[in-house]
Amino acid sequence: MEKVIVRVPATTANLGVGFDTLGCALKLYNTLSFSLSDGLSISGCEPEYRNPDNLAYQGFKAVYERLGLDVPGVHVDISADIPVSRGLGSSAAMIAAGAMAARALGGFELSSGELLSIVTPIEGHPDNLAPAFFGGLTASMTESGRVYTLSYDIHPELRFVLMSPDFPLSTHAARSVLPDSVPFKTAVGQLSRLALLPKALEQGDEELIALCLKDALHQPYRFPLIHESDKLRQLAHELGCDAFCISGAGPTLLCLTRDGSLAGKLSEAARSLERRWDIRELAVDRQGARCI
Ligand code: HSE
């Protein structure tokens, strides 16, 4: 095989209390083609990403290196719908695409779980990468260099309403404000909520989901970095939705609801805000990364 096209979904990580653990794939995609060639060349992205640091190439390279093989020359063409630095897993989508392409072009007999374990060190945590590979709501855990995953069902009527502002927030900046430790009581509160959340999502129980999203590990430190997040939370509350959290490291915010009119109503209400907020409902992607 000389060429492969890979499509990878966006992902919303954490879901409030599942910091670095839970993530869900969404129907918004990056599509990348990889063609074997002489040397490395990259098109379809800003010039600053056309070099060996490109995450799609990093994912591609990691697979060959893990197998102890020379990395072949490749031309990568990127068509990206997932916005960068918005908390929607654009980095994970690039890395997963590279790994999928390496497996296809090299003809390697590696499972997607093995690819996930190989490339997780590039991002440092698997919560976006796991659902990017497997689709749906996926929990992940790393032990001795191997990533273990389990997927959960989500109630079919549950809707993901994403609110993305017109400013970026780097994951590095959003992680730099986090504390080194938390009180024991805080940790216990967090794990009790995390234990209940997957079943609440499966049952589509909005009231319980709202309670389970009350994270104490990262959101209290990150909301202040996201201008007007307090106002959007209030608008969502006035429209009947309290299941509100940050998508990944932000700045995108997420509402979980069974109300199919919430995205439209929030868009209307958000016009009064200072920043421009792109508000849309995204369906759950249940397939994950695919060669097409
Ligand atoms: N779990 C990560 C975080 C997701 O919240 O920092 C962003 O990569």
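Both ligands and their constituent atoms are indexed starting at 1 by order of listing. Only this structure's heavy atoms are used, side chains among them; waters, hydrogens and symmetry mates stay out.
- A donor-acceptor pair under 3.5 Å links the side-chain atoms of Glu228 to the main chain of Arg275, judged by distance alone.
- Counted within 6.0 Å of CZ on Phe108, heavy atoms from surrounding residues, nucleotides or ligands total more than 12; the atom is thus considered enclosed.
- No continuous path of ILVMFWY side-chain contacts below 4.5 Å connects Phe244 to Leu211, so the two sit in separate hydrophobic clusters.
- Within 4.0 Å of ligand 1, contacts by protein heavy atoms are made from Asn14, Phe19, Asp20, His125, Asp127, Asn128, Thr171, Arg175, Arg222, Gly248, Ala249.
- Ser247 pairs with exactly one of Asn14, Thr252, Thr12 by the side chain to side chain donor-acceptor pair (under 3.5 Å) rule, that one being Thr12.
- The aromatic rings of Phe34 and Phe60 sit parallel to each other, their planes meeting at less than 30°, with 60° as the upper class boundary.
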Show me, pair by pair, the donor-acceptor contacts under 3.5 angstrom made by side chains of residues 73-85, not counting sequence neighbours?
| residue | atom | partner | partner atom | Å |
| --- | --- | --- | --- | --- |
| His75 | ND1 | Ser41 | O | 3.3 |
| His75 | ND1 | Ser41 | OG | 2.7 |
| His75 | NE2 | Ser43 | OG | 3.1 |
| Asp77 | OD1 | Ser43 | OG | 2.6 |

